[in-house]
Amino acid sequence: MSTKNRITPEEALAYHLDPRPGKYDITASKPMTTQRDLSLAYSPGVAVPVQAIAERPETAYDYTVKGNMVAVVSNGTAILGLGNLGALASKPVMEGKAVLFKRFADVNAIDIELDTEDPDEIIQAVRLMGPTFGGINLEDIKAPECFIIEQRLKEIMDIPVFHDDQHGTAVICAAGLINALEISGKKIEDCKIVLNGAGAAGIACLELIKAMGARHDNCIMCDTKGVIYQGRTEGMNQWKSAHAANTEARTLEEAMVGADVFLGVSAKGAVTQEMVASMADNPVIFAMANPDPEITPEEAHEVREDAIVATGRSDYPNQVNNVLGFPYLFRGALDIHARAINDEMKIACARALADLAREDVPDEVAMAYGRKLSFGRDYIIPTPFDPRLIHVIPPAVARAGMDTGVARRPIIDMDGYTHSLKARMDPTASILQGIHARARQAQAKMIFAEGDDPRVLRAAVAYQRGGMGRALVVGREHDVREKLEAAGLGDAYRELTIVNSANSKHIETYKEFLYKRLQRRGFDRHDAHKLAMRDRHVFAALMLAHGHGDGMITGVTRKSAHVLELINKVFDAKPSDGAVGITALLSKGRIVLIGDTLVHEWPNEHDLADIATRGAQVARALGLEPRVAFVSFSTFGYPVSERASKMHEAPRILDARGADFEYDGEMAVDVALNPEAMAQYPFCRLSGPANVLVVPARHSASISVKLMQEMGGATVIGPILTGVPAPLQICSTVSTVNDILNMAAIAACRLGQAK
């Protein structure tokens, strides 16, 4: 079991501060460049949709963002596990919720923090904002006010109002429970269910489970004062009273005897091993308290091997994570212009999640989590980065909404709707999640060659504290300590392993190795001594070559060409050795690999075929089925150019080699990436837009990548050095801490290593 990631206060503050404060921006979705654009966007053109909406209010969904806009509303009275810290302090959490909506379901969301604890004031404020939004997500509002606010807003508003702290947890809990009971061979109507934690989430869980068939008489709710039983008066309210049980049990311990299911939304350590031991056969235990569960899976399994256990933690199997629910519930509700999110829609979401967990798990999902996933006791709930969620859950929610009459605009073509949802999925996060998960599984000792750079040191700390393995930093001890302290990470000095050539016990072995390798290239022993002792890139490479580290990261402080030249003193990483640089560009939901961005200055047709092969290997390692395009300014021989001829010849070389991936060329970039442009060439052998581009020279590759990064806002991963005999990666001099960490993860999972 992996250890929980350690995040320092300095790291958290830096994340929210840089490169600019906050977690999201607002961007225009229409052209805003010419006077005509502005006239259409505002005056006088805007008058036309204004009149249309005034005449037919439902057209607001056609002419404005209302149909894809959610308000995330809080007053900060129940922030995460922090309690009542006020509206302003809740803003980072609400911003985070807003970006989760966008990341997972392409729903625009705006955070709204209301500085009041008066339920009537909140109700009035949200009601007045109704015309702006297609839905309201209430968040971190304490009980019992949250019940009052939600219920009243549902009554007076004609858009979905959803308190995620209640219903989000309930939906995911219900999904997991469906599958847990399937595995244990039990029916929900026959189960004795005990719930601990009579707050918003607990009450919502029990209400939804009862709506799914659990019997009132079989359900016992507990709070800090014990069992909520019929006749109890202490600490009661109308919401608890609705679930009072006719039982002789008065404590959680008594209630747990013979229970089939335990649901916990309470506090760390609330459940003991003795309580678990007293449960029925094949007990289901959902210990969902955060950040620490009521009982850990290890503790539960010590006394009951037959237990099925879920928690709210990402470092245990079966995570009950609200992000599996609320983005997709709102996506489905917004797409039918729903008036509400009702129980039937929530149950449809839960059943769709449960069904998805029973299906065969795609390789890219397993890759993202570094382990094989299959339906069973340790996999009863889908994982948050499963790309199928976006096109499986919203249609189920939409159908339920249409069947129950809350849809203003029913979806006629459900297959077309499902296809459109697939197109919304941005693969960036799942790709990076997969790389990091595989790195955590590898537990590589990573050599960070440039310990004098604060970015490198921060990345090294993040690598080790992120559970990926040990970080070995090349540098002088006092220098590393000073820079860590300046970065607010002084305590990390004792955690990292600092390696200095001046006191390395292996230095003589390194120097002898280097001399034997370079003696016929004009280097004498003195030259080898200077290289090994004074150049950190060479010293780090020597560590890697002798197995004193499992991977290496360098290049942050020197130009990549110079660093590659130094690495070649230790490893064979020249063009003739098969080395290639592949850069991944991630932009607007698409991934495109470009090569060669690092090694070959002016490749010939045989080199281009090698680059294509390496690019295809990287694509498959990232979970993509490669489609390679050899790109130029010409397309399939026109216009005729001597400079384009090698791009025309390279596919023929792959033909002769019997390459096992799709490829074609030469072609212009728009033909390679645009399906409509490609359709003009029906003989093209690619089955869809290319995801690997092989360009004529390194300068064109570099220009393409940097232009996309600066003008297009693309995320850049790489260049990934492939075809080398050791897992080493070269960063750019403008790399951020995250860039360096991503490259370390790539090295750890040996993505670019020669085969």
Side-chain angles (χ1 to χ4, degrees), residues 1-7 80-81 100 168-184 195-197 201-202 205 261-273 275-277 279 282-325 350 353-354 356-358 361 365-386 389 430 433-434 436-443 465-469:
M1 184 60 60
S2 62
T3 58
K4 192 179 181 185
N5 287 359
R6 291 178 55 199
I7 302 296
L80 297 172
L100 289 178
T169 303
V171 167
I172 314 308
C173 175
L177 185 59
I178 290 169
N179 281 339
L181 295 180
E182 172 70 19
I183 292 169
S184 61
L195 181 138
N196 194 48
C205 285
V261 176
F262 169 79
L263 306 177
V265 277
S266 50
K268 174 184 178 181
V271 174
T272 66
Q273 289 183 317
M275 294 180 190
V276 172
M279 295 179 72
N282 293 305
V284 176
I285 300 168
F286 281 22
M288 298 176 286
N290 264 321
D292 298 300
E294 285 82 358
I295 187 169
T296 67
E298 295 96 333
E299 291 168 337
H301 286 135
E302 277 183 13
V303 293
R304 293 298 296 270
E305 292 183 358
D306 59 340
I308 299 172
V309 185
T311 72
R313 288 269 291 266
S314 61
D315 52 350
Y316 288 120
N318 300 328
Q319 184 191 15
V320 179
N321 189 331
N322 284 25
V323 81
L324 288 166
L353 284 167
L356 185 59
R358 301 184 195 189
V361 180
V365 180
M367 189 181 296
Y369 286 85
R371 60 188 176 92
K372 180 64 179 173
L373 299 172
S374 60
F375 181 59
R377 292 174 179 268
D378 287 334
Y379 180 68
I380 59 173
I381 308 171
T383 55
F385 285 93
D386 191 322
L389 290 163
S430 58
Q433 168 80 1
H436 282 243
R438 290 158 63 190
R440 281 190 290 272
Q441 190 177 44
Q443 289 295 299
R465 289 182 173 176
M468 295 186 193

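Sequence positions, counted from 1, serve as the residue numbers for this chain.
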Quick one, Ile178 and Arg358 - any side-chain contact, counting heavy atoms below 4.5 Å? yes
Give me the atom names and distance for the closest heavy-atom approach of Ala289 to Ala267. CB-N, 3.9 Å
Residue among Thr296, Asp292, Asn290 satisfying side-chain hydrogen bond (donor to acceptor under 3.5 Å, both in side chains) with Arg313: Asp292
Look only at the side chain of Gln443 and the backbone of Gly467, and say whether a donor-acceptor pair between them is shorter than 3.5 Å. yes
So, the side chain of Asn318 versus the backbone of Val309: is there a donor-acceptor pair under 3.5 Å, distance only? yes
Looking at side-chain heavy atoms only, is the closest gap between Phe375 and Ile183 below 4.5 Å? yes
Nearest 0.5 Å please: distance from the CD1 atom of Ile295 over to the OG1 atom of Thr311. 12.0 Å
Return the minimal non-hydrogen interatomic distance between Ala174 and Ala350, and the atom names on each side. CB-CB, 3.9 Å
Interatomic distance, OG@Ser184 vs CD1@Ile308, rounded to 0.5 Å, equals 5.0 Å
Pairwise side-chain contact, Arg304 with Ile285, heavy-atom cut-off 4.5 Å (strictly under): no
Which heavy atom in Tyr379 sits nearest to a heavy atom in Ile381, and how many Å separate them? CE1-O, 3.4 Å
Quick check: closest heavy atoms across Ala354 and Asn179, and the distance to 0.1 Å? O-ND2, 2.9 Å
Would you say Phe262 and Met275 make side-chain contact, with heavy atoms under 4.5 Å? no
Is there a donor-acceptor contact under 3.5 Å from the side chain of Gln319 to the main chain of Gly312? yes
Is Glu299 reaching over with its side chain to a backbone N or O of Gln273, donor-acceptor style, under 3.5 angstrom? no
Using only atom types and a distance under 3.5 Å, with no angle test, would you say the side chain of Glu305 pairs donor to acceptor with the backbone of Glu302? no
Can you find a heavy atom in the side chain of Asn321 that is under 4.5 Å from one in the side chain of Ser314? no
Note: Leu263 and Cys173 closest approach over all heavy atoms is CD2-SG, 3.7 Å
How close do Pro384 and Val323 get, counting heavy atoms only, and between which atoms? CB-CG1, 3.7 Å
Please identify which of these residues, Val171, Ile172, Leu195, Leu177, meets the side chain to side chain contact (heavy atoms under 4.5 Å, CB included) condition with Cys205. Leu195
Taking atom CD1 of Ile380 and atom CG of Leu353, what is their separation to the nearest 0.5 Å? 11.5 Å
Any side-chain heavy atom of Asn196 sitting closer than 4.5 Å to one from Val271? no
